[in-house]
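The basis for the numbers below is simple: all heavy atoms, side chains too, and nothing from hydrogens, waters or symmetry mates. The chains referred to below are lettered A, B, ... by the order of the sequence lines, with proteins before strands, and numbering in each begins at 1. No experiment lies behind these values; they were computed from the predicted model shown.
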Number of protein chains: 2
Amino acid sequence: MKKQEELFLEFLARKRLKNTSQRMIILKAFLRQNSHLSTEDFYLQLRKKHPGIGYATVHRTLKLFAECGIAAEHNFGDGQMRFEVCHDNEHHDHLVCTGCGRIIEFENQQIEQLQLDVARTHKFFIKSHRLELYGLCSDCVATEQQ
Amino acid sequence: MKKQEELFLEFLARKRLKNTSQRMIILKAFLRQNSHLSTEDFYLQLRKKHPGIGYATVHRTLKLFAECGIAAEHNFGDGQMRFEVCHDNEHHDHLVCTGCGRIIEFENQQIEQLQLDVARTHKFFIKSHRLELYGLCSDCVATEQQ
DNA sequence: TCGATATTGAAAACGGATTTCAAAATACAG
DNA sequence: CTGTATTTTGAAATCCGTTTTCAATATCGA
Ligand SMILES: [Mn+2]
Ligand SMILES: [Mn+2]
Ligand SMILES: [Zn+2]
Ligand SMILES: [Zn+2]
């Protein structure tokens with residue numbers, strides 16, 4: 001049994017929620033993939049192996065993952081929620097290619113520090129942040145030049 | 001006649017769109033206010049003086065403003081689009097208070113530069129970006145401590 | 001095992017954004 | 001000025017992802 005499964009089971013217990021087969025199936029499927037999938041995409045994928053599981057359950061369970069810290073929820077402006085597995089407490093931000101939809105992850109400690117500085121000067125308490133750079137990935141730039 | 005009105009008139013001419021009374025009324029009302037208003041809020045405000053103008057027209061016109069660079073469009077995660085007047089080519093990012101909804105603007109050239117650095121290392125061409133820090137403003141922090 | 005409680009899946013409801021459409025307004029050539 | 005092609009308008013309908021409802025089912029502690 002892995003770290004994140006334990007975390008989720010503890011979360012369920014703490015909140016007096018029940019450990020159901022659907023939740024475990026969804027958790028395993030979610031941990032197995034690593035993209036920034038929309039609820040719909042993930043549901044369609046899952047349905048291939050588990051046709052009995054409903055969209056509503058998938059949606060609710062992804063929300064639980066986000067609440068317990070296993071998943072990070074994103075909105076890259078295409079009108080859909082996206083989820084990704086949250087590894088430990090690692091944080092990263094995203095480059096979003098508007099050409100092909102590719103998502104590139106990056107970490108920049110200097111930016112993170114400067115954000116804290118900004119918050120401090122405004123006496124603002126940061127709970128979360130989002131930094132996304134939108135544009136064209138190297139492939140799309142190359143394609144566009146032709 | 002001011003700068004932004006000229007810009008919009010040029011934009012309309014360029015796109016072979018018509019200069020209507022509604023568009024001018026909406027433009028003047030939009031330039032007059034300076035918050036980060038949702039379409040709905042702006043429409044309700046406008047309706048007080050101009051009950052004849054429909055929501056659809058307001059929505060469409062705000063989109064035109066965004067397209068021609070007069071307005072900046074934001075999504076602060078509350079499920080509504082928000083618009084603000086874009087002054088010249090000045091850019092800023094936002095602190096969003098999840099307690100009271102207050103929006104604080106900030107500019108940080110170092111962060112902007114580091115974003116360019118990140119993009120360069122990924123050979124990524126930035127078209128736009130969003131940086132939002134979510135949390136509690138100083139007032140809400142103070143309130144919460146009681 | 002029993003029963004209180006939580007969960008499930010299908011379908012409905014929700015809510016903001018967008019589109020439809022017929023009537024009205026605009027631009028512009030003549 | 002017209003006349004006319006084209007665009008715009010406002011109300012209502014539609015879209016579409018998200019969330020809720022609800023009756024049937026599953027979980028789990030006593
Ligand atoms: Mn990511
Ligand atoms: Mn602003
Ligand atoms: Zn790309
Ligand atoms: Zn506040």
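The distance from atom CZ of B:R16 to atom P of D:dT8 is 12 Å, rounded to the nearest whole Å. The nearest whole Å value for the distance from the CG atom in B:D41 to the P atom in C:dA17 is 11 Å. Residue A:L62 contributes atom CG, which lies 14 Å from atom C1' of D:dG17 at whole-angstrom precision. Nucleotide C:dT7 holds its P atom 15 Å from the CD1 atom of A:I53, rounded to whole Å. With rounding to whole Å, A:I26 atom CD1 is found 7 Å from C:dG9 atom P. When rounded to the nearest whole Å, the span between CG of A:L12 and C1' of D:dC28 equals 13 Å. Distance, A:E67 CD to D:dT19 P: 13 Å, rounded to whole Å. For the pair A:Y43 OH and D:dG17 P, the interatomic distance rounds to 14 Å; values are reported in whole Å.
Here B:H59 does not reach the OP1 or OP2 of C:dA17: none of its side-chain N or O atoms lies under 4.0 Å away. Look at B:R23 and you'll find a side-chain N or O under 4.0 angstrom from OP1 or OP2 of D:dT8. Within the 4.0 Å cut-off from OP1 or OP2 of D:dT9, at least one side-chain nitrogen or oxygen of B:T20 is found. Proximity of A:Y55 to the phosphate of D:dG17: no side-chain N or O atom is located under 4.0 Å from OP1 or OP2. Between A:Q22 and C:dG9 there is a side-chain polar atom (N or O) within less than 4.0 angstrom of OP1 or OP2.
The A:Q80 side chain lies nearest to D:dG17 when the options are C:dT26, D:dG17, D:dA12. Distance from the side chain of B:M81 is smallest for C:dA17 among the nucleotides C:dA17, C:dA6, D:dG10. Residue A:L17 places its side chain closer to C:dA6 than to any other of C:dT26, C:dA6, C:dA11. Among the nucleotides C:dT19, D:dA26, C:dT8, the one closest to the side chain of A:K18 is D:dA26.
Nucleic acid contact class of B:K63 (heavy atoms, under 4.0 Å, all strands): sugar-phosphate only. At a threshold of 4.0 angstrom between heavy atoms, the contacts of A:R60 include nucleobase atoms, whether or not backbone atoms are also involved.
Between A:H92 and A:H94, the ring planes lie perpendicular to each other; the angle is over 60°, past the 30° to 60° tilted range.
Between A:A56 and B:S21, the residue anchored nearer the 5' end of DNA chain C, judged by the nucleotide with its closest heavy atom, is A:A56.
No side-chain donor-acceptor contact under 3.5 Å links B:E105 to the backbone of B:H91.
By the 4.5 Å heavy-atom criterion applied to side chains, A:Q45 and A:Q33 are not counted as neighbours.
Annotation: A:F83 is not in aromatic contact with A:H74 [ring centroid separation under 6.0 Å not met].
Salt-bridge check for B:E132 with B:R130: passed, with a basic side-chain N closer than 4.0 Å to an acidic carboxylate O.
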